[in-house]
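Report on the following structure.
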Amino acid sequence: MPLTHEAVHLIDDRETGLHGVIALHSTRLGPAAGGCRLWAYDTHSDMVTDALRLSRGMSYKNAMAGLPFGGGKAVLNAPLEGDRRAAFLAFGRAVKALGGCYITAEDVGTTVEDMRVVREEARSVAGLPLMPGQDRAGGDPSPWTALGVFLAIEECVRRRLGSDLKGVTVAVQGLGNVGRVLCRMLTEAGAKLIVADPVAERVRRMEAINGARGWSVTNIHGAPAEVFAPCALGAGLTSYTIPRLHAKIVCGGANNQLQTDEDGLLLLDHGVLYAPDYVVNAGGIINVSAEYLGETRDDVETRVRQIPLRLRSLFERAEAVHLPVNVVADQRAEELICAGAAKRAA
Ligand code: NAI
């Protein structure tokens, strides 16, 4: 029986016209941590559904990464009416009203500057800029996410191909903050790159700097590579794309890569080793959590380097019980949440 959400708080601020939702999936392991997304939703129901889905994902991601946090997510409806600063002050008041149960940070559509504004009202905010020369964790989480993805790809290649990354071709979908850093790490490890991004300049730069081969955005999943690394949007692994995958390993940074949970079974049936997204891309939240807890960059690196070990144990368990690895990952995350909650209660 999957865990259900603890609470959903609606934000409806008359003064600024701000509409949004803060969903708390679980606070069993600690305050519910997860970013604040600003997105144009067609309906109120779409907005609530997204908050529920994303907050559940954060619970699993935080538990799996061994962090002392539960899972939550805020979503705000775009476009914001009027003054952006006033809207984020109103959001800050909504966060404060939860009395520390929810920790926010930037996400799609929101910025470090927005979080600075939220911080004027609420203490439970992470993702604030680092002071120069600080050894403390914080700042841009993307390089840590990319490191986790890189280490996870290494683990998958060792497991499936029995080799290191030298000469292995990786198809990278999306050359944003995560994809770009990942490509650099892959090149340094001797991998070959095939890349796709709708922003042509990003592809051209990758071809020039890292000797990558540009590929069509619509068919990057079918590119002749051993590894497919989704680092763009979610829901790219579907009943249409999975049978057309060339790679036998899927491991990337994008959130919510499977369109439906059943696509995990489809990947298994097609002989594809799938590395569950929220295990692979936890580097960002590990960094955000360390910032919140006042830890150092070394603490972050130690935790990120555990990602391949976690993956290995999931792969082993999935093989032993003959289940898709995404199902086994969800089961494991729920076990960790329940065990952690029992320990806190004792
Ligand atoms: P970003 O917005 O910097 O980059 C996304 C890139 O994907 C952009 O270059 C965009 O042009 C490209 N893109 C969009 N549609 C595409 C398509 N159909 N095919 C190929 N490329 C496409 O985002 P960022 O920060 O690099 O994140 C990438 C993914 O990783 C997202 O799903 C994000 O939710 C996830 N993620 C990011 C974390 C972080 O620390 N930045 C942490 C955990 C997850």
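All ligand and atom numbering here is 1-based and tracks the order in the structure.
Between R159 and E155 there is no salt bridge, since no side-chain nitrogen of the basic residue lies less than 4.0 Å from a carboxylate oxygen of the acidic one.
Each of the atoms 11 (O) of ligand 1 lies under 4.0 Å from some heavy atom of V199. Within ligand 1, the atoms closer than 4.0 Å to a non-hydrogen atom of P141 are 40 (O), numbered from 1 in the order shown. When each atom of ligand 1 is checked for a heavy atom of Q173 under 4.0 Å away, the hits are 19 (N), 20 (C). Close contacts between ligand 1 and R202 involve ligand atoms 8 (C), 9 (O), 11 (O) [criterion: under 4.0 Å to a heavy atom]. Atoms of ligand 1 lying under 4.0 Å from any heavy atom of V217, numbered from 1 in the order shown and given with element: 17 (C), 18 (N), 19 (N).
Distance from atom 42 (C) of ligand 1 to its nearest protein heavy atom, with residue and atom name: T145 OG1, 3.4 Å. Here the protein heavy atom with the shortest distance to atom 4 (O) of ligand 1 is G176 CA, 3.2 Å. For atom 3 (O) of ligand 1, the nearest protein heavy atom (residue, atom name, distance) is N177 N, 3.0 Å. Atom 33 (C) of ligand 1 has its closest protein heavy atom at N255 ND2, 4.0 Å. From the protein, the heavy atom lying nearest to atom 43 (C) of ligand 1 is N281 O, 3.6 Å. Among all non-hydrogen protein atoms, the one lying nearest atom 13 (N) of ligand 1 is P198 CD, 3.5 Å. Nearest protein heavy-atom contact of atom 10 (C) of ligand 1 is D197 OD2, 3.5 Å. Closest to atom 20 (C) of ligand 1, if we only count protein heavy atoms, is A196 O, 3.5 Å.
For atom 18 (N) of ligand 1, a protein non-hydrogen atom is found at a distance below 4.0 Å. Distance screen at 4.0 Å: atom 23 (O) of ligand 1 has no protein heavy-atom neighbour inside the cut-off.
An N or O contact shorter than 3.5 Å is missing between K61 and ligand 1 by distance. Between R37 and ligand 1, no pair of N/O atoms sits closer than 3.5 Å. Considering both main-chain and side-chain atoms, V178 comes within under 3.5 Å of ligand 1 through a nitrogen or oxygen pair.
How far CZ of R53 is from NE2 of H25: 13.5 Å, rounded to the nearest 0.5 Å.
Just one of V172, I194, L193 meets the side-chain contact (heavy atoms from CB on, under 4.5 Å) condition when paired with W215; it is I194.
The shortest heavy-atom distance from G253 to ligand 1 is under 4.0 Å.
Residues G35 and T104 share a closest heavy-atom pair of C-OG1, 4.1 Å. Closest heavy-atom contact between F88 and C36: CE2-SG, 4.4 Å.
In this structure, a donor-acceptor pair under 3.5 Å is absent between the side chains of T110 and D107.
The main-chain N or O of M47 is never found under 3.5 Å from a side-chain atom of N77 such that the two would form a donor-acceptor pair.
Summarising the contacts of atom 41 (N) of ligand 1 with S142, A254, A235, G236, the nearest heavy atom is found in S142. Around atom 32 (O) of ligand 1, the closest heavy atom drawn from G252, G234, A232, A146 belongs to A232. Ranked by closest heavy atom to atom 5 (C) of ligand 1, the top entry among G284, C231, G179 is C231.
Only the backbone of L175 comes within contact range of ligand 1, with a heavy atom under 4.0 Å; no side-chain atom does.
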For a salt bridge (Lys or Arg N to Asp or Glu O under 4.0 Å) check, start with the C-alpha distance between D83 and R85, then their side-chain angles and the critical distance, and finish with the verdict.
CA-CA 6 Å; D83 182 31; R85 179 179 155 77; 5.7 Å; no
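In this structure, L186 and F150 have side chains that are in contact, with non-hydrogen atoms separated by less than 4.5 Å.
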